[in-house]
Amino acid sequence: MDTPQSQESQPLKKSHKLHNVCYDIRGPVLDHAKRLEEEGQRILKLNIGNPAPFGFEAPEEILQDVMRNLPTAQGYCDSKGLYSARKAIMQECQRKQIPGVGIEDIFIGNGVSELIVMAMQALLNDGDEVLIPAPDYPLWTAAAHLSGGHAVHYLCDEQADWTPDMADIRAKITSHTRAIVLINPNNPTGAVYPPAVVKEVLAIAKQHNLVVFSDEIYDKILYDGVEHTATGALADDDQLVITMNGLSKSYRCAGFRSGWMIISGTLAKLNAQDYIQGLNMLASMRLCANVPAQHAIQTALGGYQSINDLILPGGRLLAQRDITVEKLNAIPGVSCVKPKGALYAFPRLDPKVFNIKDDQQMVLDLLLQEKILLVQGTAFNWPEPDHVRIVTLPWADQLGDALDRFANFLSRYRQ
């Protein structure tokens, strides 16, 4: 009997599917930050929109409802989610004037992140293209590549409050384009799109028969009286819109991992039954989402909206947004469009002043010198190394001090 010849051990490599997948919000620079923390250094983490470490706790009534329902939350639920939670989401759709959404049109997931991947996997074949904004929340790009598709980035115009460049969208549509993504309010820019802008994107999508994915996780974090209109409320009945939302930001329940996906467009759904069947299959394969956390949804959507205390005059989030923009625009060579929503600022560092060629290296140098952790703009698929994203969650005085140190760093930094 032949004995297999011993072979030199080969390194185990990651799947080819991961070659174009990137998520630098928790990337290589964060690894350096962890090493510094292990050495006893204190790092101010302005890299991730995680409310709890900065004192933004979930409303007490949400915690109480989850605790009270724990004894009945030990088994699997329907693969789409608890009926009571989906009923509350359906009623929220009615409040936001998204028509024709029934219980069966709602999927609850382990955060919006899981649902984004699920929606892409159900839609894309190898080589299909998805139009995604630049800058974007990078999970959208990663999910498209992981699903065998290709992310094509359309530019948002900084000179027009970061709204989508319609000409660029039109120029990038091909016979392979299957969908377009809107992130509104936007992460990382804080832009909130007026209804006319959303309608124009919808018109382009309808002309080319594209699915519209609308990421609206920050829809209640709005400043200066700005209002948000759901994409599904503006779409025609024969247009398929997939809306994403959840508990992590407006309700400060990031660790609960409870998000939802809404399918709207009554006539469009009739033509998308095969795609919806694929979503049902993927939802069933993971059995169900976290059941205890789903008990937070009805209370969150139907109860007192405590987020308003934070975004109106006198509120923490508004004050922190204001100090961030003021401090950034006071730095020579730095400019920042005032965010109208969300929890971030996306300032521009003038290339003529700073000549930054490698923005990840700049962010690493800032970490090593000032112990402040930001994320480079190219991590959000922005094409030039001339932006950074700053999380506006710390207290205003803490942010002010950090941005003074950032200004001092930039005054002497060149590449």
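Both backbone and side-chain heavy atoms feed into the values below; hydrogens, waters and symmetry mates do not.
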Checklist line | Worked verdict on Asp215 versus Asn184 for side-chain hydrogen bond (donor to acceptor under 3.5 Å, both in side chains) | finding: CA-CA 6 Å; Asp215 185 340; Asn184 179 34; over 6 Å; no
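- Counting all heavy atoms, side chain and backbone alike, Gln361 lies closest to Asp358 at N-OD1, 3.0 Å.
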Next item on the list: Show the numbers, then the answer: is there a salt bridge (charged side-chain N to carboxylate O under 4.0 Å, His left out) between Arg405 and Asp401?
Entry: CA-CA 6 Å; Arg405 288 155 56 197; Asp401 174 69; 3.3 Å; yes
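- In this structure a side-chain-to-backbone donor-acceptor pair under 3.5 Å is missing from Gln298 to His295.
- Leu403 places a side-chain heavy atom less than 4.5 Å from the side chain of Leu328.
- With sequence neighbours excluded, no residue forms a ring-ring contact (aromatic ring centres under 6.0 Å, His included) with Phe406.
- Contact annotation: the side chain of Gln159 never approaches that of Val337 to less than 4.5 Å [non-hydrogen atoms, C-beta and beyond].
- Within the 3.5 Å criterion, the main-chain N or O of Leu393 finds a donor-acceptor partner in the side chain of Gln320.
- Put simply, the side chain of Glu216 gets close to the backbone of Thr231: a donor and an acceptor are under 3.5 Å apart.
- With values rounded to the nearest 0.5 angstrom, Tyr413 atom OH is found 14.5 Å from Asn408 atom CG.
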Item checked: Worked verdict on Glu129 versus Thr174 for side-chain hydrogen bond (donor to acceptor under 3.5 Å, both in side chains) -> CA-CA 8 Å; Glu129 296 174 353; Thr174 73; 2.7 Å; yes
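- Across all their heavy atoms, Pro133 and Ile183 have their closest contact at CG-CD1, 3.9 Å.
- Partners of Arg316 according to the salt bridge (Lys or Arg N to Asp or Glu O under 4.0 Å) rule, which considers only residues two or more places apart in sequence or in another chain, do not exist here.
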Checklist line | salt bridge (charged side-chain N to carboxylate O under 4.0 Å, His left out) between Lys80 and Glu104, worked out | finding: CA-CA 8 Å; Lys80 289 185 178 180; Glu104 294 305 312; 3.1 Å; yes
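- With sequence neighbours excluded, no residue forms a salt bridge (Lys or Arg N to Asp or Glu O under 4.0 Å) with Asp365.
- Between Tyr344 and Tyr218, a ring centre-to-centre spacing shorter than 6.0 Å is recorded.
- The backbone N or O of Cys253 sits nowhere less than 3.5 Å from a side-chain atom of Arg257 that would complete a donor-acceptor pair.
- In this model, a donor atom of one side chain and an acceptor atom of the other lie less than 3.5 Å apart for Thr141 and Asp136.
- Using bins of under 30°, 30° to 60° and over 60° for the plane-to-plane angle, the ring pair Phe346/His387 lands in the parallel bin.
- Minimum interatomic distance between Asn69 and Asp65 (heavy atoms only, all atoms of both residues): ND2-O, 2.8 Å.
- Using a 4.5 Å heavy-atom threshold, the side chains of Arg321 and Lys338 count as touching.
- Counting heavy atoms from C-beta outward, Lys340 and Asp161 have side chains that approach closer than 4.5 Å.
- Put simply, SG on Cys156 and CZ on Phe380 are 13.5 Å apart, with the number rounded to the nearest 0.5 Å.
- Dense packing is recorded around CG of Asp350, with more than 12 heavy atoms of other residues, nucleotides or ligands lying under 6.0 Å away.
- In this structure, OG in Ser306 is found 11.0 Å from NZ in Lys220, a value given to the nearest 0.5 Å.
- In this structure a side-chain-to-backbone donor-acceptor pair under 3.5 Å is missing from Lys249 to Asp219.
- Defined by atom type and a distance below 3.5 Å, a donor-acceptor pair is present between the side-chain atoms of Gln369 and Arg412.
- Tyr193 places a side-chain heavy atom less than 4.5 Å from the side chain of Asn186.
- Here the straight-line distance linking atom NE2 of His153 with atom NZ of Lys172 works out to 9.0 Å at 0.5 Å rounding.
- A donor and an acceptor atom, one from each side chain of Gln41 and Glu37, are nowhere located under 3.5 Å apart.
- Asp309 and Tyr304 share a donor-acceptor pair across their side chains, judged by distance under 3.5 Å alone.
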Next item on the list: Check step by step if salt bridge (charged side-chain N to carboxylate O under 4.0 Å, His left out) holds for Arg42 and Glu370.
Entry: CA-CA 10 Å; Arg42 293 186 64 180; Glu370 296 292 342; over 6 Å; no
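- In plain terms, the two heavy atoms of Ile43 and Ala33 that are nearest each other are CG1-O, 4.0 Å.
- Interatomic distance, CZ of Arg389 versus CD of Gln376, reported as 10.5 Å (0.5 Å rounding).
- The environment of Lys371 atom NZ is dense: over 12 non-hydrogen atoms of other residues, nucleotides or ligands sit within 6.0 angstrom.
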Margin query: As a quick check of understanding, evaluate side-chain hydrogen bond (donor to acceptor under 3.5 Å, both in side chains) for Gln277 and Gln273, giving each step before the final call.
Written below: CA-CA 6 Å; Gln277 183 181 356; Gln273 287 302 305; over 6 Å; no
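- A 4.5 Å side-chain heavy-atom check between Leu131 and Ile169 finds at least one atom pair inside the cut-off.
- Within the 3.5 Å criterion, the main-chain N or O of Thr378 finds a donor-acceptor partner in the side chain of Asp359.
- Heavy atoms from other residues, nucleotides or ligands lying under 6.0 Å from CD of Glu60 number more than 12.
- Counting only heavy atoms from C-beta outward, the side chains of Arg178 and Leu123 approach each other to under 4.5 Å.
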Next item on the list: Quick one: do Asp105 and Arg86 satisfy salt bridge (charged side-chain N to carboxylate O under 4.0 Å, His left out)? Show the steps, please.
Entry: CA-CA 9 Å; Asp105 299 318; Arg86 287 188 288 151; over 6 Å; no
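- Taking 4.5 Å as the limit, every side-chain heavy atom of Pro339 sits out of range of all side-chain heavy atoms of Thr189.
- Side-chain atoms of Asp157 do not come within 3.5 Å of backbone N or O of Asp165 as any donor-acceptor pair.
- Of all heavy-atom pairs between Ala289 and Gln294, the closest is O-NE2, 3.3 Å.
- Between Glu114 and Arg286 there is a salt bridge, with a side-chain nitrogen of the basic residue lying less than 4.0 Å from a carboxylate oxygen of the acidic one.
- For the atom pair CG of Leu279 and CZ of Phe107, the computed distance is 5.0 Å after rounding to the nearest 0.5 Å.
- Looking at Asn290, its side chain does come within 3.5 Å of a backbone N or O of Ala293 through a donor-acceptor pair.
- Across all their heavy atoms, Ser250 and Ile307 have their closest contact at O-CB, 3.6 Å.
- Using a 4.0 Å cut-off between a side-chain N of Lys or Arg and a carboxylate O of Asp or Glu, Arg170 and Glu200 qualify as a salt bridge.
- Under a 3.5 Å cut-off, the side chain of Tyr223 and the backbone N or O of Ala342 do form a donor-acceptor pair.
- For the pair Gln305 (side chain) and Gly303 (backbone), a donor-acceptor distance under 3.5 Å is present.
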Next item on the list: Kindly determine whether Val241 and Ile262 satisfy side chain to side chain contact (heavy atoms under 4.5 Å, CB included), including the steps that lead there.
Entry: CA-CA 8 Å; Val241 177; Ile262 300 156; over 6 Å; no
